[in-house]
Amino acid sequence: MDIDIFEAYESNVRRYGRSFPTVFTKSLGATIWDEAGKSFIDFIVGSGALNYGHNNPDIVAPAIKYLVNKNIVLSLDMYTAAKRDFIEVFVESILKPRGLSYKIQFPGPTGTNANEAALALARKYTGRSSVMAFTNSYHGMSLGSLAVSGSASTRQLGGVARHDVIRVPYENYPNQTFDSASYIDHVLGDPGSGIEKPAAIILEPIQAEGGMNTASAPWLSEIQRICRKHDVVFIVDDIQAGSGRTGDFFSFEFAKIEPDIVTLSKSLSGSGNPLSIVLIRPDMDIWNPGEHSGTFRGNNLAFVTSAAMCKVWSDRRFTTAVERAAVKLQEHLDRLVAKFPKCIEQKRGRGLMAGLKCRSQAFVSRVHDVAFENGLLIESSGPNRDVIKVLPPITISDDELNHGIAILDHALQEKTNGD
């Protein structure tokens, strides 16, 4: 396998190539192949950017048709037929069935673009500068997003001081007994707390990079109530946990909340094409024309594939299959937790966004290597990289899921016996 060109010319910052030292060539569904013809079950799927699997024919076919007909590919924020179709389908298939009413902003191609726009709008709307963010959070790699992320190694990037961020405990941090919502409510209402009222509170319903920490419905509902009480903008970062990852389209649906602002990206296009949006409570859409911009916010190919993705959520057969896959995955992971109690502490996550909290980073690293050798791609998360992330496509077949879990079981078994 010739990887010399990457080592010679690609920046030292590369990560996944080091973890999976092979050259991939083809992919379909939950399976990808390298140039030697070896197959791998993909439990990473573009770090959650390919929820609907690789080259999903129902999503890719409209894009191929669109391209061969010489249609618009890049349009800034001009009006195009593809953009109109996406907005219509998103409103009719995603927002209206859930009783949600939002304006849609196209800020740029990535999740951090969406979060930067959301933070800027919250500050403009309230006239305040600080933002309340949570322990172990992750919101992107641009400076504003880095500032509200929790990881120390992430926040140190850029060499610029991060100001105007109030760090507060996520649910169940640092232990199961601390009531972080009541703490937030108290310090925001106490003039002696020394904490000024922020423009916004930003959170992830599931902290993927933070270790698959999962917020409960009562806690999310209470955070929304606190935001309403104190006139603070409530931002939900649904970039990795949204677009179907938990079994519902939005990861916060189960809590029956309606955030002021929602950010979406990663699997929003359904195809791996970069696309992000900011969903804004209509009365908060106080942007002036051109006040926030981005060259690649008019990715029409992504509009086409995203519209195709949104349509499947109107198909009850599809949603039933996703629900079934989520139950099956959770059952598999429960079995692994019971089988390997000496190395797995607990199962984390929800739906098809799951993780296994293990005893050590070293153990996870060894399981990762054995899994790769046997045809499974997994990665770790958490501040100590001791959580095995399990992110199969939400459209994964039973055979692919069973095969991937069998490889993971084997890797856990081999490393447990070797310790």
Side-chain angles (χ1 to χ4, degrees), residues 45-52 59 63 73-78 80 82-87 89-91 93-95 100 102-122 131 137-149 200 202-206 208-209 233 235-246 249-252 259-281 284-285 287 290-310 313 353 391:
V45 290
S47 195
L50 291 165
N51 286 354
Y52 302 85
I59 295 173
V73 174
L74 177 65
S75 60
L76 302 176
D77 69 351
M78 291 183 283
T80 66
K83 185 177 183 179
R84 180 178 60 203
D85 291 346
F86 163 72
I87 293 174
V89 172
F90 188 80
V91 170
S93 297
I94 304 300
L95 295 184
L100 298 173
Y102 289 114
K103 298 289 286 296
I104 304 171
Q105 179 184 354
F106 299 93
T110 70
T112 197
N113 294 130
N115 282 335
E116 293 283 2
L119 294 169
L121 180 59
V131 173
S137 58
Y138 175 75
H139 298 289
M141 296 299 292
S142 51
L143 289 182
S145 299
L146 286 170
V148 294
S149 295
I202 184 170
L203 62 80
E204 305 154 275
I206 301 177
E209 303 310 313
V233 177
I235 303 173
V236 166
D237 175 345
D238 221 15
I239 287 163
Q240 187 163 163
S243 300
R245 174 47 58 188
T246 62
F249 186 84
F250 295 105
S251 70
F252 56 82
D260 300 314
I261 298 177
V262 180
T263 56
L264 290 169
S265 186
K266 284 194 179 284
S267 280
L268 178 61
S269 77
S271 62
N273 270 296
L275 177 67
S276 73
I277 60 175
V278 182
L279 302 179
I280 305 167
R281 200 179 75 203
M284 289 184 59
D285 184 25
W287 289 118
E291 188 174 9
H292 193 280
S293 189
T295 300
F296 296 102
R297 64 196 184 280
N299 183 348
N300 285 258
L301 196 60
F303 294 153
V304 171
T305 58
S306 186
M309 176 274 292
C310 291
W313 285 91
M353 187 170 190
L391 299 179

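Quick caveat, the model's predicted, so the values are computed rather than measured.
For the ring-ring contact (aromatic ring centres under 6.0 Å, His included) test, residues two or more places apart in sequence or in another chain that qualify with Phe249 are Trp313. Applying the ring-ring contact (aromatic ring centres under 6.0 Å, His included) rule to Tyr52 yields no partners; only residues at least two apart in sequence or on another chain are considered. Ser142 meets the side-chain contact (heavy atoms from CB on, under 4.5 Å) test with Thr112, Glu116, Ser145; sequence neighbours excluded.
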Q | side-chain contact (heavy atoms from CB on, under 4.5 Å) assessment of Arg245 paired with Lys266 | A | CA-CA 11 Å; Arg245 174 47 58 188; Lys266 284 194 179 284; over 6 Å; no
Q.
Quick one, Asn51 with Met353, criterion side-chain contact (heavy atoms from CB on, under 4.5 Å). Give me CA distance, side-chain angles, the key distance, then yes/no.
A. CA-CA 10 Å; Asn51 286 354; Met353 187 170 190; over 6 Å; no
Q.
Pair Leu264, Phe250 - check side-chain contact (heavy atoms from CB on, under 4.5 Å), show working.
A. CA-CA 9 Å; Leu264 290 169; Phe250 295 105; 3.8 Å; yes
Q: Given side-chain contact (heavy atoms from CB on, under 4.5 Å), test Tyr102 with Ile277 step by step and report yes or no.
A: CA-CA 11 Å; Tyr102 289 114; Ile277 60 175; over 6 Å; no
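One N or O on the side chain of Ser276 and one on the backbone of Gly108 form a donor-acceptor pair closer than 3.5 Å. Under the 3.5 Å distance criterion, the side-chain polar atoms of Thr263 are left unmatched by any main-chain donor or acceptor of Val278. Proximity of a side-chain donor or acceptor of Lys83 to a complementary backbone N or O of Phe303 within less than 3.5 Å is not detected. Using a distance-only test at 3.5 Å, with no hydrogens or angles considered, no donor-acceptor pair links the side chain of Ser269 to the main chain of Pro274. The closest donor-acceptor contact from the side chain of Asp85 to the backbone of Val304 lies at 3.5 Å or more, if one exists at all. A donor-acceptor distance shorter than 3.5 angstrom exists from the side chain of Ser267 to the backbone of Gly48, with no hydrogens or angles considered. Not a single donor-acceptor pair under 3.5 Å links the side chain of Glu204 to the backbone N or O of Ala241. At least one donor-acceptor pair under 3.5 Å links the side chain of Ser306 to the backbone N or O of Leu268.
Remark: of the listed residues Ser251, Ser243, Ser265, Ser251 is the sole one forming a side-chain contact (heavy atoms from CB on, under 4.5 Å) with Asp238. Checking Leu119, Asp260, Val131 one by one against Val233, the side-chain contact (heavy atoms from CB on, under 4.5 Å) holds for a single residue, Asp260. When Val148, Val236, Ile235 are each tested for a side-chain contact (heavy atoms from CB on, under 4.5 Å) with Leu203, only one passes: Val236.
Judged by distance alone, the side chains of Asn300 and Thr80 do bring a donor and an acceptor atom under 3.5 Å apart.
For the residue pair Ile87 and Ile104, the shortest heavy atom distance occurs at CG2-CD1, 4.3 Å. Scanning both residues, Gly46 and Leu50, for their nearest heavy atoms gives N-CD1, 4.3 Å. When all heavy atoms of Trp287 and Ala117 are compared, the pair lying nearest together is CZ2-O, 3.5 Å.
The OG1 atom of Thr305 lies 7.5 Å from the CG atom of Asn299; values are rounded to the nearest 0.5 Å. Atom CE of Met309 and atom CZ of Phe90 lie 7.5 Å apart (nearest 0.5 Å). Between atom CZ of residue Arg281 and atom CD1 of residue Ile261 there is a gap of 8.5 Å, rounded to the nearest 0.5 Å. Here the CD1 atom belonging to Ile94 is positioned 4.5 Å from the SG atom belonging to Cys310, to the nearest 0.5 angstrom. In this structure, CG in Leu121 is found 5.0 Å from CD1 in Ile280, a value given to the nearest 0.5 Å. Atom CE in Met78 sits 9.5 Å away from atom CZ in Arg297 (nearest 0.5 Å).
At a threshold of 4.5 Å between non-hydrogen side-chain atoms, the residues Tyr138 and Ile239 do not count as touching. When side chains are defined from C-beta on, Leu279 counts as touching Leu95, because their heavy atoms get closer than 4.5 Å.
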